[in-house]
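Remarks on the structure that follows.
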Amino acid sequence: MAPKRSRTATAVEEITRSTATRKAKKARTNYSKPEAPKVVTNTSDTPILNGSASKPNQSTSKSVKNSQAEISTKPAYTCWLVKSEPDSRFENGVEMKFSFDDLKSSPNQTECWDGVRNYQARNFLRDQMKLGHNVFFYHSNCKEPGIIGICKIVKEGYPDHTQFDPKDPHYDSSSQENKPKWFMVDVQLVRPLKRFISLAELKKIHQEHVQRDGPLKKMSLFTRARLSVQPVTEEEWSYILQLENNM
DNA sequence: GCCAACGTTGGC
DNA sequence: GCCAACGTTGGC
């Protein structure tokens, strides 16, 4: 129920919040058009997750009331991948761009991951991304898409302030302050990868793994390609990290 | 710039 | 609740 913690902000968080405001990180995560409360299955706290996001109605029909039961049946992810667009692009007159380098130059190399407007991604942000979890930083919608670095969660899900700002491209007029619809986490840079691991490379591996059942077989990057915040299994995580060493 | 994939909307 | 039309993502 209660949206994640709204703990008293630490100094770090304060800095993060104030400076991050105008930054529009993350890959454009879907429909910029707000609206559409009702049917949307989970404006509520029902975590619809893993899998069948394409069928929101499924969860409606089975009317998940016991979210704990749900949670216990799904894998608890500890690793994630978030997409961000490193190249400049304009959305409603506002420049959207956020690269790994931008994170590097942020105060404390920390930023809030705002602007995500997709329910499945929202649920991950709000419910499942926990302090200390590892996150791949992925560059999307650019010349060479791929994983460029690693960051980690330093603040768990809390309301995304951009939903309340009419001037923000991700403003959502249907969201109320006392019942926020969209959430974000804070991430902090850990390190760049020793080498850039391109989507092309991952895709090739993925195809092989589909054929002969390897660790990247079911990676969300391919099975749920358009999600901008996605879970990564520990097996996938370590497999990809190990690729760093193949120069 | 194209377009496949897929999420959302809205009529029925 | 179904499903066609529409809109967006994002790789190519």
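These numbers come from the heavy atoms of this one structure, side chains and all, not from hydrogens, waters or symmetry mates. Note on naming: letters A, B, ... go to the chains in the order of the sequence lines (proteins, then strands), and numbering restarts at 1 for each one.
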Please work out whether the ring planes of Phe222(A) and His206(A) are parallel, tilted or perpendicular, with thresholds of 30° and 60°. parallel
How long is the line joining CG of Asn141(A) and C1' of dA5(B), in whole Å? 15 Å
May I have the distance from Tyr119(A) (atom OH) to dT8(B) (atom P), rounded to whole angstrom? 8 Å
Euclidean distance, atom CD1 of residue Ile147(A) to atom P of dG11(C) [Å, nearest integer]: 12 Å
Just jot down the ring pair (Phe, Tyr, Trp, His ring centres under 6.0 Å) partners of Phe136(A), sequence neighbours excluded, or say none. Trp237(A)
Check whether Leu193(A) and Leu216(A) end up in the same hydrophobic cluster, where Ile, Leu, Val, Met, Phe, Trp and Tyr are linked by side-chain heavy atoms less than 4.5 Å apart. yes
Quick one: Gln230(A) CD to dG7(B) P, roughly how many Å, whole number? 13 Å
Suppose we screen for side-chain hydrogen bond (donor to acceptor under 3.5 Å, both in side chains). Which residues come up paired with Lys194(A), at least two apart in sequence or across chains? Asn245(A)
Measure the angle between the two terminal helix axes of the helix from dG1(B)-dC12(C) to dC12(B)-dG1(C), five base pairs each, and quote it to 10°. 10°
Residue set satisfying side-chain hydrogen bond (donor to acceptor under 3.5 Å, both in side chains) with Glu234(A), at least two apart, ordered chain then number -> Thr78(A)
Pick base, sugar-phosphate or nothing for Phe222(A), based on heavy-atom distances below 4.0 Å to the nucleic acid. nothing
Residue list, side-chain hydrogen bond (donor to acceptor under 3.5 Å, both in side chains) with Asn246(A), at least two apart or on another chain: none
Residues from residues 196-219 of chain A lying under 4.0 Å of DNA chain C - heavy atoms: Leu199(A), Lys203(A)
What is the distance, to the nearest angstrom, from the CZ atom on Arg226(A) to the P atom on dA5(B)? 11 Å
